[in-house]
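Some notes on the structure that comes next.
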Amino acid sequence: MKRVLIIIFLVVFYLALANMQGCSSYEMSDNPVIETTLAAKTTPEVATSGPENAVKEIFFQSEIMGLHDLDETVLQERFDISPELYTEYYGKYADGRYGVSDIFILRPAEGREAELKEALEQVKIARINEFQNYNIYNALENAEDALIFNRGDYMVMVMTNDAEGVKELIGKYLPEAADA
């Protein structure tokens, strides 16, 4: 009976060990494949409009590694965007280890639209400089091709490998300005 238990234990141990080795093979790969197509993966239905839902849709089932939510501290300390320039913020940014995938959706403070746009232009320049000598997963090209535009009451920066597709997706969630 003890032999049977020992054999069962060894089989379970072997299977667990084989499973762990299979999980770690991604980390050891010289060329890991990371899914960076954002807009192509969509939820079955568009829930409701709004910037928060746009961000959820953009990153739905995303396998991009190193993504972080925006917050006031990050906007000010990492991207040098003063909280005085906006009243709302939504989005995510990549830490840069696996490329770039930044989506900023900001509602400008009254009368601060030009300053906010300039701040976003400076973020774009800083990201280009960041990836000059570290162009991983086309980060430099994505930063250079970043889009900064107005949509409804928001100013948006899209810095991904599919900026046009993401811009189109954002258009589904953010209505044009009422006076447009």
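Index from 1, following the sequence.
A salt bridge links Glu130 to Arg78: one of the charged nitrogens lies within less than 4.0 Å of a carboxylate oxygen. Remark: Arg127 engages Asp102 in a salt bridge, criterion side-chain N to carboxylate O under 4.0 Å.
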Could you give the side-chain donor-acceptor pairs of residues 113-123 under 3.5 Å, partners two or more places apart or in another chain?
residue : atom : partner : partner atom : Å
Glu115  : OE1  : Arg112  : NH2          : 3.1
Glu115  : OE2  : Arg112  : NE           : 2.6
Glu118  : OE2  : Gln122  : NE2          : 2.7

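Between the CG atom of Leu174 and the CG atom of Asn150 there is a distance of 11.0 Å, given to the nearest 0.5 Å. For the atom pair CD1 (Ile103) and CE (Met159), the distance works out to 9.5 Å, reported to the nearest 0.5 Å. Taken to the nearest 0.5 Å, the CG atom of Asp153 stands 13.0 Å off from the CG atom of Leu106. Distance CG/Asp80 to CG/Leu75: 10.5 Å, rounded to 0.5 Å. Put simply, CG on Leu67 and CE on Met65 are 10.0 Å apart, with the number rounded to the nearest 0.5 Å.
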Subject >> Residues Leu70, Lys92; criterion side chain to side chain contact (heavy atoms under 4.5 Å, CB included); working and verdict >> reply: CA-CA 5 Å; Leu70 288 179; Lys92 293 184 180 283; 5.9 Å; no
Subject >> From CA spacing to verdict: ring pair (Phe, Tyr, Trp, His ring centres under 6.0 Å), Tyr90, Phe104 >> reply: CA-CA 6 Å; Tyr90 305 90; Phe104 293 13; over 10 Å; no
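Every residue meeting the side chain to side chain contact (heavy atoms under 4.5 Å, CB included) condition with Asn138, not counting sequence neighbours, appears here in chain and number order: Glu141, Asn142. By the side chain to side chain contact (heavy atoms under 4.5 Å, CB included) test, Gln76 is found to be paired with Pro83, residues two or more places apart in sequence or in another chain being considered.
The environment of CG in Asp71 is crowded: more than 12 heavy-atom neighbours from other residues, nucleotides or ligands sit within 6.0 Å. Within a 6.0 Å sphere centred on CD of Glu110, other residues, nucleotides and ligands contribute 12 heavy atoms or fewer. Around CG of Asn129, the count of heavy atoms belonging to other residues, nucleotides or ligands within 6.0 Å exceeds 12.
Between Tyr89 and Ile81 there is no side-chain heavy-atom pair separated by less than 4.5 Å. With contacts defined as side-chain heavy-atom distances shorter than 4.5 Å, the pair Leu140/Gln132 qualifies. For the pair Ile170 and Val156, the minimum side-chain heavy-atom distance is below 4.5 Å.
Between His68 and Tyr93, the ring planes are tilted. Angles from 30° to 60° get that label.
Minimum interatomic distance between Pro108 and Tyr154 (heavy atoms only, all atoms of both residues): CD-CA, 4.3 Å. Shortest non-hydrogen contact noted between Ala109 and Glu84 is CB-O, 3.4 Å. Of all non-hydrogen atoms in Ser49 and Tyr173, the two that sit nearest each other are CB-O, 3.2 Å. When all heavy atoms of Ser101 and Ala94 are compared, the pair lying nearest together is N-CB, 3.5 Å.
With hydrogens and angles ignored, the 3.5 Å screen pairs no side-chain donor or acceptor of Arg107 with any backbone N or O of Glu88.
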